[in-house]
Q: 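First the structure, then my questions, so here it is.
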Amino acid sequence: MSLLPNWKAQAAGNPLARARQVAMYLCRQLTDLSLPKIGLLFGSRDHTTVLHRESTTVHRLIKATGALFDQVTALLQSLRTS
C-alpha cells in the first residue's frame, strides 16, 4: 500500500495537507528550486499554489500555533546544520 496518493490529496483541511504545506515552505527555505519545480515535485501543483502556501498559509499556521512554529524552526535549524 502506497502513501503517495494520499500525500498528494487535494483536501486542504487534513493533516497530510498541513504537512505538505510545511514541506513546501521548507523546500523554499532550504533549496534554490523554482516555484514550478517545487509544485511539480508536490503532485503537479501550480507555482502559484506553492507561492500561496509559502506566503500565507504556512505563515498563518506558524503564527497561530506556537508549537508548530517551534517544530518548524527546530527542523529548519537541524536541516541547515546537517
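For this chain, numbers begin at 1 and follow the sequence in order. The figures that follow rest on heavy atoms only: side chains count, while hydrogens, waters and symmetry mates do not.
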Q: Apply side-chain contact (heavy atoms from CB on, under 4.5 Å) to the pair Leu76 and Tyr25, showing each step before the final yes or no.
A: CA-CA 10 Å; Leu76 270 171; Tyr25 173 78; 4.1 Å; yes
Q: Side chain to side chain donor-acceptor pair (under 3.5 Å): which pairs involve residues 28-41, sequence neighbours left out?
A: Arg28-Glu54
Q: To the nearest 0.5 Å, what is the distance between CZ (Arg80) and CG (Leu75)?
A: 10.0 Å
Q: Please answer whether the main-chain N or O of Gln77 pairs with a side-chain N or O of Thr81 as donor and acceptor at a distance below 3.5 Å.
A: yes
Q: Roughly how far, to the nearest 0.5 Å, is CD1 of Ile38 from CG of Leu26?
A: 10.0 Å
